[in-house]
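Below is one structure, written out as structure tokens; comments come after it.
These numbers come from a predicted model, not from an experiment. Throughout, protein chains are lettered first and strands after them, A, B, ... in sequence-line order, and every chain is numbered starting at 1.
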Number of protein chains: 2
Amino acid sequence: MKLMFFLLAIMQPMLAFGKAKPETSCVLYSPDGNLRAEFMLTGDGTPEYSLRYGHSDVIRPSLLGFKLRGSVSASEIIYGKNIVKRDPRPIRDFSSGFRLASVVRDSLDEVWKPVWGEESQIRNNYRELLVNLIRPSTGELMSIRFRLYDDGLGFRYEFPDNQPLTYFVIKDEITHFNLTGDHKAWWIPGDYDTQEYEYVESRLSEIPKLFKKAVCGNMSQTPFSNHGVQTSLLMKTDDGLYLNIHEAALKDYSCMHLLVDVKRHSLTTDLTPDAQGWKGYMQTPCKTPWRTIQVTDSAVKMLASRLILNLNDPCQYKDVSWIHPVKYMGVWWEMISNAGTWAYTSDFHSVKLGITDYSNAKPNGHHSANNANVRKYIDFAAANGFDALLVEGWDIGWEDWAGCSKDDVFDFVTPYPDFDIAALNDYAHSKGIRLIMHHETSSSVRNYERHMEDAYDLMDKYGYDAVKSGYVGDIIPRGEHHYGQWMVNHYLYGVTEAAKHHIMVDAHEAVRPTGLCRTYPNLIGNESARGTEYQAFGGTSPKHVTILPFTRLNGGPMDFTPGIFEMDLSKFADNKSKVEATIANQLALYVTMYSPLQMAADLPEHYQQHMDAFQFIKDVALDWSESHYLCAEPGDYVVVARKAKKTGQWFVGGVTDEHRRSFNLKMNFLEKGKVYEASIYKDAPDADYRTNPQAYLISKQKLSSSDSLEIVAAPGGGFAISFKEL
Amino acid sequence: MKLMFFLLAIMQPMLAFGKAKPETSCVLYSPDGNLRAEFMLTGDGTPEYSLRYGHSDVIRPSLLGFKLRGSVSASEIIYGKNIVKRDPRPIRDFSSGFRLASVVRDSLDEVWKPVWGEESQIRNNYRELLVNLIRPSTGELMSIRFRLYDDGLGFRYEFPDNQPLTYFVIKDEITHFNLTGDHKAWWIPGDYDTQEYEYVESRLSEIPKLFKKAVCGNMSQTPFSNHGVQTSLLMKTDDGLYLNIHEAALKDYSCMHLLVDVKRHSLTTDLTPDAQGWKGYMQTPCKTPWRTIQVTDSAVKMLASRLILNLNDPCQYKDVSWIHPVKYMGVWWEMISNAGTWAYTSDFHSVKLGITDYSNAKPNGHHSANNANVRKYIDFAAANGFDALLVEGWDIGWEDWAGCSKDDVFDFVTPYPDFDIAALNDYAHSKGIRLIMHHETSSSVRNYERHMEDAYDLMDKYGYDAVKSGYVGDIIPRGEHHYGQWMVNHYLYGVTEAAKHHIMVDAHEAVRPTGLCRTYPNLIGNESARGTEYQAFGGTSPKHVTILPFTRLNGGPMDFTPGIFEMDLSKFADNKSKVEATIANQLALYVTMYSPLQMAADLPEHYQQHMDAFQFIKDVALDWSESHYLCAEPGDYVVVARKAKKTGQWFVGGVTDEHRRSFNLKMNFLEKGKVYEASIYKDAPDADYRTNPQAYLISKQKLSSSDSLEIVAAPGGGFAISFKEL
């Protein structure tokens, strides 16, 4: 069948030769026929594509292609004594002069099971068009593969083997997204080093003028243009269509940002540069990540789209028995709030690992990761059914680590004098929980890789099976960016090396995920967006959590670390920050912010003041067989119902922005013929994230699938419901 | 004693306060009183130094100091939503505004024993002056330590702990060498990535105009200025004084080049930049390498100077029993000459390690590192008393490795299908020799470090105890240079990691040595200059080997790989190159080019044609109890006599440039009262490197310490003598 298509495709240009026009257009329809993608070659051989949804254009004809570095190799050896010519690094066009060599069509309709996820199975149903191009002037080959789903398009460039192009360097990728209007967008500033910004909701045309205000401070940031934004970029047309541009399977390539052309309502790719300004070093056969455009006619359908995961390769590991969801607490929030310190002592002006002698240093009295405090957390976490306890500030070096571009900054193996790594792990295990390791790299990446094997061996030795890694500060090797090809390679290296040790990874400050967790399911989390810690750094507006599921979570789960019960940090720390959420909102996040790794981030004493509310966190599942987004609007509210994979138990969570909202939720996701007791955790009538964030009500109610539930969320509030089958 | 000096030094400024001038000058004399160094602070607190030899100025008052980056840390976390200020990276002066806080004097006169060397013991005799400076405006501290020897001056900057300067970034080091005239110099072009140039002999003022012609092609090169030269820089004044500028103990710092100011006869330091143009990232307490100026009144005294080693720290290893000299041959020259290949097959357009399947590839028929050929070399090397055999091209990836900026280029552990690593090592061991490992990194340094532990483990497993590493091509991380701080750190990392495995290292294309082999004696060699391989790349003029001992060997031994007997490569390879030397010259190099690691580089069959000459190579020792440079002139000739440490046997070697030279050598280095039989290997009367390079004579003669020996070296020739006590 494929062969016939292939032959027909080959013959078409020949058949057309006698006519006026050669073949320049290939059309692809989604399985349900609603989406239509078209590939075109213009008269001068410039590849373009477009996308229609029903009768509406979504993407007008838009360019594809590259700018490459002209001269590939370094200087040549010249026998004798000739003078070498300096390589002038010309740029050459790789976006025109193509001919269509052949077309191959394919399709797939399968169901696959993720190791963990929002569903126990996911349908992967697409129609595929592979256009094989040739540049007659050079014989170079490039292919573009299009996969069209009912919920969107993915396409990627592929460079086959056995052709003149072997090694090549990308100056720019020229992929355009010519939109049809000045859409509303939810965006964060384009930045080669951080994603920790609040989202801005505005028209595309307003981006340049709102850009500066959107950039707040960070330990490492490179906002490269006031027309730049990051992906996943969510948009809504005036016709009510939701669009989402992102990438899938970012591997061996540089992370994509987008530059807005305000006049033309157009977006172009801007890849993260390396230290010299080049965007990618490639060797054929190779492929780029998928560029993705999800298109849905409702917000909940956007949240239900699994296009990013579907475009990724299947799980690469034969044995995944060691990978599991993790519900954890942490010796962490007390340092983030400034109630305690990561550092052990104030004796040292600066630290040199291996030379600075901690054994006689005077403890500063605030070091949170000390034996007694860790045991206290272990006791609480174990007593309340948690799987694990993260401990930050366990290893030497924290006195002097950030903002110094320090190479030899941590060794990942030497504990502080007051952290008995053997005894504490024994104690945790005796209580039925594990500790979670912490590898803050301070972005000194060569240093981390030098120590990585020893660091993972140490984890094996003491029974750690998960690590939170961090990349705070500018990257070393200096000149590289957090999201360049170099670091994309490193993050995956950390994950695959961890897999050899049966270790799961939660990488903070890393590149935002693009669905690689399907292939490498031990990547159980990333931060890679503005997380709960910012509530301690001045606060984050409530709408943030109503946007993240559309954007940041599109490519993979986020270690959002919710569950804060004490909103006024000044009550327990030298910190004027207020958490801009209610308790009910914090509970809801365990459902609305899907993640196999969930933290109850607050201090035990704050939970002890509200053990009734805490019960929801104890009960909530982390791994799901079904998820139903009941209603949602980006920037406003998200409500979702999920069924636990292990127990079959249902949970619902809903969050709102700064507005009070009433919801009328149909319970028709529940199994017919069954009666459930719902435990409803909601905002009290007078709750408000600004003035009364801790006011909540817990009630019980019998519900069945034919019922509706009326529920009101306070400003910055939400609700969380657990169901027990009766 | 030291305390008294300290107190006096502290008091001096106070005592002087009442007078018109504060203390601005400290003088230091060498042990024999002939050299005089002076440290000065000018009126505005600018530090300077000068050097006199007897009654002659050598260095006129010359600047000391730095330019530092103004703002140290990365962007700050700004709680809340303020906009971050971009760090504008100002540069601030750190070369004036100093006051002398205190002065400490010291001296040392010791004898130490190197693990291997030109002598079994070395005298380390100096007077030291430590000036402790403070910048009153900021409280910052900097010290300069001067050590004055009878044969030269070394000084370094030190930055103490417990002061405002903690982390700082160097924009430029401002160390000047204001010379007293337009001296004659032997120089190679300044270059951040290669030293593989022929030396040019010229006046300093001629450097800019001769620069372009001096730069020949290389796989990686960055000639940064036509006023730039490398160190060791040898000069000769018109008064007959020899000067040599270099550095000692280059560690955690960037390699120093020199920029020539032609008008002022002045040199200034130019450190190798990182990818962003910064020269060094420092954390106090720290120190720079020693800047060294050797001063002797004869060429042979310059060659006898051990100042560089003396300035280095003592051996760091407790156990050195595993470190030993190595006389080796190699499956190497046949590939360098183009008679064979490193690569195994021609099947692959490009290689992806782990994907490219070599098991069914068709051998190209020229792969030199195949089982049969290696056994042949093993047989010959073992039969002739060699310690080891280097084999290059044993590991997969050579089909496609250079000039592509390829990251995942070699894995250092997977042999080609025709290299049975287990069997070949067994065979070598059964014959009493070892194989030498080869790690060509292709300058993909992260890749090398990722594999290093496995690579060294593999060596342990198969009984390798030495590795030749290589860094051909531009460095990856891209933007870094071979001689920047980043790579200086890496080279030492490779050496210290090797030491954990009791492995010795011979690093090619690495930074030129600066005496670190005293501290890390498993660093038994570097290339880091234009070696014998260039004889196969078009030839190298005969004077090269009469300069290298003064320059390249000043900081440590060179794996020069001499011993070529077949000078006309076209006889056995597709190569028109001619080796610009006679056989007698090649024999002499084993004595004149000191190294604990010596290669008989040619093919066994070429030695088999001249086994009588080859006898010298078999006999020559590698480790010495005494060395006497009998006569030498840079660019002209070098003659040296050495006594073997193990056997007490004497050897003499002499080389000349393109001129025929007659020598009258006094044998007074021999022990009095003893009679020796000298086996003299010399050029035949009609020998000439251009026309008759293989013509040599071997004669025997009885000699004693009261004798003189007349001997003539042909153009490009030399002589080698082994002595047997009767």
Side-chain angles (χ1 to χ4, degrees), chain A residues 72-84 161-163 166-167 169 198 212-221 274-276 278 281 283-285 349-350 352 400 402-408 445-446 449-450 453 473-474 476-480 486 489-490 493 537-539 576-577, chain B residues 72-84 161-163 166-167 169 198 212-221 274-276 278 281 283-285 349-350 352 400 402-408 445-446 449-450 453 473-474 476-480 486 489-490 493 537-539 576-577:
Chain A
V72 173
S73 63
S75 330
E76 297 169 302
I77 297 175
I78 298 174
Y79 289 2
K81 299 180 177 52
N82 293 331
I83 293 155
V84 67
D161 204 351
N162 296 317
Q163 55 137 327
T166 317
Y167 291 91
V169 178
E198 288 226 44
K212 192 173 176 191
K213 191 157 176 247
V215 174
C216 61
N218 197 286
M219 290 295 290
S220 179
Q221 59 193 143
D274 73 5
Q276 299 183 301
W278 301 103
Y281 279 75
Q283 177 191 0
T284 61
H349 187 44
S350 80
K352 290 200 174 188
D400 160 52
C404 314
S405 196
K406 187 175 180 183
D407 196 329
D408 195 10
V445 182
R446 172 173 70 176
E449 291 202 10
R450 283 180 175 176
E453 184 67 12
D474 289 339
I476 304 172
R478 302 179 183 96
E480 288 294 331
W486 184 260
N489 172 299
H490 165 78
Y493 179 75
F537 301 162
K576 293 194 174 73
S577 211
Chain B
V72 173
S73 64
S75 331
E76 298 167 302
I77 296 176
I78 299 175
Y79 288 1
K81 299 180 174 56
N82 293 331
I83 293 157
V84 66
D161 203 353
N162 296 316
Q163 56 137 324
T166 318
Y167 291 91
V169 179
E198 287 226 44
K212 192 172 175 189
K213 192 157 175 245
V215 174
C216 61
N218 197 286
M219 291 293 291
S220 178
Q221 59 193 143
D274 72 3
Q276 301 182 301
W278 302 103
Y281 279 74
Q283 177 191 1
T284 59
H349 187 44
S350 80
K352 289 199 176 189
D400 161 52
C404 314
S405 196
K406 188 176 179 183
D407 197 329
D408 195 9
V445 182
R446 171 172 73 175
E449 290 202 9
R450 283 180 174 176
E453 184 67 12
D474 289 340
I476 304 173
R478 301 178 183 98
E480 288 294 332
W486 185 260
N489 173 298
H490 164 80
Y493 179 75
F537 301 162
K576 293 193 175 70
S577 211

Worksheet item: Would a distance-only check, ignoring hydrogens and angles, find a side-chain to backbone donor-acceptor pair under 3.5 Å from B:Arg450 to A:Tyr493?
Response: no

Discussion item. Checking the side chain of B:Lys352 only, and the main-chain atoms of A:Gln283 only, is there a donor and an acceptor separated by less than 3.5 Å?
Written reply: yes

Worksheet entry | Heavy-atom pair of closest approach, residues A:Arg478 and B:Asp274 | CD-OD2, 4.2 Å

Worksheet item: Who among A:Pro285, A:Ala275, A:Ser577 has the most heavy-atom pairs with chain B under 4.5 Å?
Response: A:Pro285

Discussion item. Counting heavy-atom pairs closer than 4.5 Å to chain A, which one of B:Asp408, B:Asp400, B:Val445 comes out on top?
Written reply: B:Asp400

Worksheet item: Side chain, backbone, both or neither: which part of A:Asn489 has a non-hydrogen atom closer than 4.5 Å to chain B?
Response: both

Fill in: Smallest separation among heavy atoms of A:Thr284 and B:Ser350, with atom names
O-OG, 3.5 Å

Fill in: Nearest-0.5 Å distance that lies between atom CG in B:Asp161 and atom NE2 in A:His349
6.5 Å

Response to the item:
Looking only at B:His490, B:Glu480, B:Lys406, most heavy-atom pairs under 4.5 Å shared with chain A are made by B:Lys406

Worksheet item: Quick one: does B:Arg446's side chain have a donor or acceptor within less than 3.5 Å of a partner on A:Glu449's backbone?
Response: no

Worksheet entry | Heavy-atom side-chain proximity of B:Ser405 to A:Tyr167 below 4.5 angstrom | no

